[in-house]
Amino acid sequence: MTATTETAANASPDHDRTDLHAPVVDWFDAHARDLPWRRPEAGAWGVMVSEFMLQQTPVNRVLPVYEQWLERWPRPADLAAEAPGEAVRAWGRLGYPRRALRLHGAAAAIAERHGGDVPKKHAQLLALPGVGEYTAAAVASFAYGQRHAVLDTNVRRVFARAVAGRQYPPNATTAAERKLARALVPEDEATAARWAAATMELGALVCTARSPECGRCPIAAQCAWQLAGAPPHEGPPRRTQAYAGTDRQVRGRLLAVLRESTAPVPQAVLDRVWHEPVQRARALDGLVSDGLVEPLAGGLYRLPHA
DNA sequence: AAGCCGTGGCC
DNA sequence: TGGCCAAGGCT
């Protein structure tokens with residue numbers, strides 16, 4: 001095993017990187033948060049719902065909405081039986097509401113094509129709307145205990161530091177990162193699934209972006225970034241997206257009005273959310289073409305019913 | 001493949 | 001205060 005893993009990029013000749021497995025997994029056993037989607041009763045559907053909600057949204061904000069969703073729609077078929085607009089409404093202020101639409105679409109596909117059960121195969125998961133490389137691997141690993149490389153923003157940062165000796169990973173995921181992640185997956189299936197959860201948790205709780213707590217890190221002594229003296233980030237700065245004044249802000253305001261109203265909303269009411277008419281119209285058109293808003297006759301709008 | 005897609009908390 | 005960041009996916 002050592003021979004194959006050492007062929008990956010930036011291999012350290014000093015030690016086998018499988019040395020990382022035991023300390024990280026042991027740390028996870030001692031410090032893992034008790035999150036509802038990690039409990040056995042969550043099931044694969046609970047895991048999938050949580051993964052959709054956690055895409056770019058912090059755990060603390062997801063928790064209450066997750067509980068409401070699972071209580072209201074305990075199985076994929078329950079959600080699939082609802083109008084998509086109800087999913088958008090129940091999404092609340094989690095952000096990126098297209099995720100709610102995609103989750104509804106995934107539930108419909110599961111009900112139709114998979115007999116109501118979240119599929120187990122990575123390829124089948126990947127075929128569902130809103131499920132990309134990360135989410136497919138996460139559901140297969142966390143819900144079904146399979147052996148996959150699970151590469152999210154936390155894991156990328158942990159590997160960037162512990163293995164590559166850099167403060168931050170590249171802006172976009174590289175082939176080298178995928179190769180490294182694959183090489184580091186423990187051979188044993190059950191251990192692999194725990195490794196995936198453990199590396200994510202380490203990145204979320206200890207090896208954080210802004211202020212890593214290396215004094216609490218179980219692999220600080222083997223961390224390439226620490227051993228190099230914690231050098232600062234080199235290369236192009238992270239592109240952070242503007243929000244104020246963008247279409248996204250306008251879309252957010254429009255959708256907030258529609259979420260609050262069960263009855264169709266007149267255009268005149270929507271017009272009040274933004275002063276600039278061209279941008280306002282563009283934002284509303286975008287929501288309609290995304291399927292997040294349904295236009296009715298007479299200049300009325302509502303969340304989608306079909 | 002770079003840019004778009006929400007929202008809110010934090011330092 | 002305001003940029004930075006948060007379990008990505010899609011085009």
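Note that these values count all heavy atoms, side chains included, but never hydrogens, waters or copies made by symmetry. Nothing here was measured: the structure is a model prediction, and the numbers come from that model.
The residue A/Thr240 sits close only to the backbone: its heavy atoms come under 4.0 Å of sugar-phosphate atoms, none of a base. Contacts of A/Arg102 with the nucleic acid, taken as non-hydrogen atoms under 4.0 Å apart, involve only primed sugar atoms and P, OP1 or OP2. Base contact: A/Trp37 has a heavy atom under 4.0 Å from a base atom. Within 4.0 Å of A/Gly95, counting heavy atoms only, lies at least one base atom of the nucleic acid.
Here A/Arg75 pairs with A/Asp78 in a salt bridge; the nearest charged N to carboxylate O distance falls below 4.0 Å. With respect to A/Arg194 and A/Asp29, a salt bridge is recorded, a charged nitrogen being found less than 4.0 Å from a carboxylate O. The pair A/Glu189-A/Arg147 does not meet the salt-bridge criterion, since no charged nitrogen lies less than 4.0 angstrom from a carboxylate oxygen.
Taking atom P in both C/dA7 and B/dG3, one finds a spacing of 23 Å when rounded to whole Å.
The side chain of A/Glu51 has C/dA7 as its nearest neighbour among C/dA7, C/dA6, B/dC5. When distances run from any side-chain atom of A/Arg93 to the nucleotides B/dT7, C/dG9, C/dA7, the shortest one goes to B/dT7. Checking C/dA7, B/dT7, B/dC5 against every side-chain atom of A/Arg98, the shortest atom distance belongs to B/dC5. The side chain of A/Arg157 has C/dA6 as its nearest neighbour among C/dG9, C/dA7, C/dA6. Distances from the side chain of A/Leu35 to the nucleotides C/dG9, C/dC5, C/dA7 place C/dA7 closest. Distances were taken from every side-chain heavy atom of A/Tyr168 (C-beta onward) to each of C/dG8, C/dA7, C/dC5; the shortest belongs to C/dC5. The side chain of A/Leu54 approaches C/dA7 more closely than any other nucleotide in the set C/dA7, B/dT7, C/dG9. The listed nucleotides are C/dA7, C/dA6, B/dC4; the one nearest the side chain of A/Ala209 is C/dA6.
Contact between the side-chain N/O atoms of A/Arg251 and the OP1/OP2 oxygens of B/dG6 is found at a separation under 4.0 Å. Side-chain nitrogen and oxygen atoms of A/Tyr243 include at least one within less than 4.0 Å of the OP1 or OP2 phosphate oxygen of B/dT7.
Under 3.5 Å, the side chain of A/Thr135 and the base of C/dG9 form no donor-acceptor pair of N or O atoms. With hydrogens and angles left out, the side chain of A/Arg248 and the base of B/dT7 share no donor-acceptor pair within 3.5 Å.
Rounded to whole Å, the distance from CZ on A/Arg99 to C1' on C/dG9 is 10 Å. Residue A/Trp274 contributes atom CH2, which lies 14 Å from atom P of B/dG6 at whole-angstrom precision. If you take CG of A/Asn60 and P of C/dC5, they are 18 Å apart, rounded to a whole angstrom. Here C/dA7 presents its P atom at 14 Å from CZ of A/Phe28, a figure rounded to the nearest Å. The NE2-P distance, from A/His233 to C/dG3, rounds to 18 Å in whole Å. Per the geometry, CG belonging to A/Leu94 stands 14 Å off C1' belonging to C/dG8, to the nearest Å. Atom CD of A/Gln249 and atom P of B/dC5 are 12 Å apart (whole Å). The CD-P distance, from A/Gln241 to B/dG8, rounds to 17 Å in whole Å.
In this structure, A/Trp69 and A/Trp91 have perpendicular ring planes: the angle between them is above 60°, well past the 30° mark.
The nearest heavy atom of DNA chain B to A/Ala172 and to A/Gln56 marks one nucleotide each, and the one closer to the 5' end goes with A/Ala172.
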One pair to check against salt bridge (Lys or Arg N to Asp or Glu O under 4.0 Å): A/Arg178 and A/Glu133. What are the steps and the verdict?
CA-CA 11 Å; A/Arg178 293 193 183 90; A/Glu133 187 64 36; over 6 Å; no

Test salt bridge (Lys or Arg N to Asp or Glu O under 4.0 Å) applied to A/Arg38 and A/Glu201, step by step:
CA-CA 12 Å; A/Arg38 286 179 178 162; A/Glu201 191 79 336; 2.8 Å; yes

